[in-house]
There are 2 protein chains.
Amino acid sequence: MSVEDGIDFAIIELFFFAYRDFTSDPDQILADYGFGRAHHRVLHFVNRRPGLTVAELLDVLKITKQSLARVLKQLIDTDHVVQLQGPRDRRQRELYPTAKGRALALALARPQSRRIRAALEDSGATERALVERFLEAMVNPELRAQIDVGSAKMSGKSHGEH
Amino acid sequence: MSVEDGIDFAIIELFFFAYRDFTSDPDQILADYGFGRAHHRVLHFVNRRPGLTVAELLDVLKITKQSLARVLKQLIDTDHVVQLQGPRDRRQRELYPTAKGRALALALARPQSRRIRAALEDSGATERALVERFLEAMVNPELRAQIDVGSAKMSGKSHGEH
DNA sequence: GAAATTACGTCAATAGTACTGACATAATCT
DNA sequence: AGATTATGTCAGTACTATTGACGTAATTTC
């Protein structure tokens, strides 16, 4: 169905609409802080992978360090993120969320999670797994390593407050 | 699994990565034309809903007419899109793709469709329907009318070349 | 038929996010 | 000691988006 010229227009369009609305919820909240989507992404990944270095963050986001600079500086200046000198390599800066940063990251994730829950409302674990599998398969194969689907990597890595 | 603080971080992240890579394919092609993502979106919807008016396009894209102006002008100047005076209301401008515009829209959609096909490789119609249902459910309910999943609306609307 | 509204176009100013290129500093590696 | 690496920063540019204001032509309303 809705495959014209062998092109899957239906899912192409659905993906556009779905992502547009998916990002609209946090955008509202971010506006109150004078932040944009870039701040959201940085905060999200610092929160999810506390202690990641600047280089690792750049690699995950696939942006340049000049693009990151302003956004990261603002998050540090507003006390949402802190930098600690790397323990092994003192050139590195490990990034950690503050309590304030974690709270904001959570506030931003909440409506998105709510939207996902609603979309999977009448679905069981099978359907959920299928959606996860589909989304993962949409990611470039060589980049799937970046994805941290399981919670294993997180559980032992509580660095507390900084 | 991977639901911390009751937040579905797994799908939030997967959605980010999936959409990033999903848009990266056409971005490469667009660069050759000096176009950006905005041009892609306009071209896509003009192609999908030939004859739609400027106001309808703004409503679908959820941007302002000032944002659309430059992009649409460039697409018209480069002979990818044409404007025709509305038959009923002559204030309106109906937008149609040219053959050139259709060719570009198709070239942009091809790698995206290929990616979707690969992601659904070992899936049947059931799984495909499930993914469609999920994506549709992610869209704001009041905006689902915009989505043109079926091909019914398209089939009889071939306006030919302009 | 005059007045209000609508559809569209355009000018000006601003913001957010991204880019390339270049250069500096400190730390680590060879 | 010299090369490389990790990070920071300065300068310039591009793309997409915004708000606000104004103009024109066509349609609707009274």
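No hydrogens, no waters, no symmetry mates; every other heavy atom, side chains included, goes into these values. Labels below follow one simple rule: chain letters A, B, ... track the order of the sequence lines, proteins then strands, and each chain is numbered from 1. This one's a predicted model, so the numbers in the text were calculated from it and none came from an experiment.
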Chemist: Can you figure out which of dA27(C), dT17(C), dT18(D) approaches the side chain of Arg37(A) most closely?
Modeler: dT17(C)
Chemist: Taking CG from Leu68(A) and P from dG16(C), how many angstroms apart are they, rounded to a whole number?
Modeler: 17 Å
Chemist: Counting just side-chain N and O atoms, does Arg90(A) come under 4.0 Å of either OP1 or OP2 of dA26(C)?
Modeler: no
Chemist: Counting only side-chain nitrogens and oxygens, does Ser67(B) get under 4.0 Å of the OP1 or OP2 atom of dT16(D)?
Modeler: no
Chemist: Given dG8(D), dG9(C), dA17(D), identify the nucleotide with an atom nearest to the side chain of Gln83(A).
Modeler: dG8(D)
Chemist: Of the options dT19(D), dA11(D), dT7(D), whose atoms approach the side-chain atoms of Thr64(B) most closely?
Modeler: dT19(D)
Chemist: Take the protein atom CG of Leu58(B) and the nucleotide atom C1' of dC8(C), then report the distance between them rounded to whole Å.
Modeler: 9 Å
Chemist: Is it the case that the side chain of Arg48(A) and the backbone of Val46(A) share a donor-acceptor pair, with hydrogens and angles ignored and the cut-off at 3.5 Å?
Modeler: no
Chemist: Could you tell me the separation between the CG atom of Leu61(B) and the C1' atom of dT18(D), rounded to a whole number of Å?
Modeler: 15 Å
Chemist: For Arg91(A) and for Arg70(A), locate the closest nucleotide of DNA chain C by heavy-atom distance; then report the residue assigned to the nucleotide nearer the 5' terminus.
Modeler: Arg70(A)
Chemist: 5'-most contact on DNA chain C: Phe35(A) or Arg88(A), nearest heavy atom basis?
Modeler: Phe35(A)
Chemist: Regarding Arg20(B) and Asn140(A), is there a side-chain donor-to-acceptor distance under 3.5 Å anywhere?
Modeler: no
Chemist: Taking CD from Gln74(B) and P from dT10(C), how many angstroms apart are they, rounded to a whole number?
Modeler: 13 Å
Chemist: Under a 4.0 Å threshold between the charged nitrogen and the carboxylate oxygen, would Glu56(A) count as salt-bridged to Arg49(A)?
Modeler: no
Chemist: Nearest-Å distance, CG (Asp59(B)) to P (dA7(C))?
Modeler: 11 Å
Chemist: Of all the choices, dA7(C), dA18(C), dG9(C), which nucleotide is nearest to the side chain of Gln92(B) once you look at every atom?
Modeler: dA7(C)
Chemist: Looking only at side-chain atoms of Gln66(B), point me to the closest of dA7(C), dT7(D), dT10(C).
Modeler: dT10(C)
Chemist: Taking only the side-chain heavy atoms of Ala55(B) (C-beta and beyond), determine which of dT7(D), dC8(C), dT28(C) contains the nearest atom.
Modeler: dC8(C)
Chemist: Taking the side chain of Arg41(B) as heavy atoms from C-beta outward, which of dT10(C), dT16(D), dG8(D) is closest to it?
Modeler: dT16(D)
Chemist: Strictly below 4.0 Å, N to O, side chains only: are Arg128(A) and Asp8(B) in salt-bridge contact?
Modeler: yes
Chemist: Does Val54(A) offer a backbone N or O that forms a donor-acceptor pair with the side chain of Lys65(A) under 3.5 Å?
Modeler: no
Chemist: How close or far is atom C1' of dG8(D) from atom CG of Leu75(A), stated in whole angstroms?
Modeler: 16 Å
Chemist: Using atom CD of Glu94(A) as one end and atom P of dT7(D) as the other, report the distance to the nearest whole Å.
Modeler: 10 Å
Chemist: Provide, to the nearest angstrom, the distance between the NZ atom belonging to Lys65(B) and the P atom belonging to dA21(D).
Modeler: 13 Å
Chemist: From C-beta outward on His39(B), which listed nucleotide comes closest to its side chain: dT17(C), dT16(D), dA7(C)?
Modeler: dT16(D)
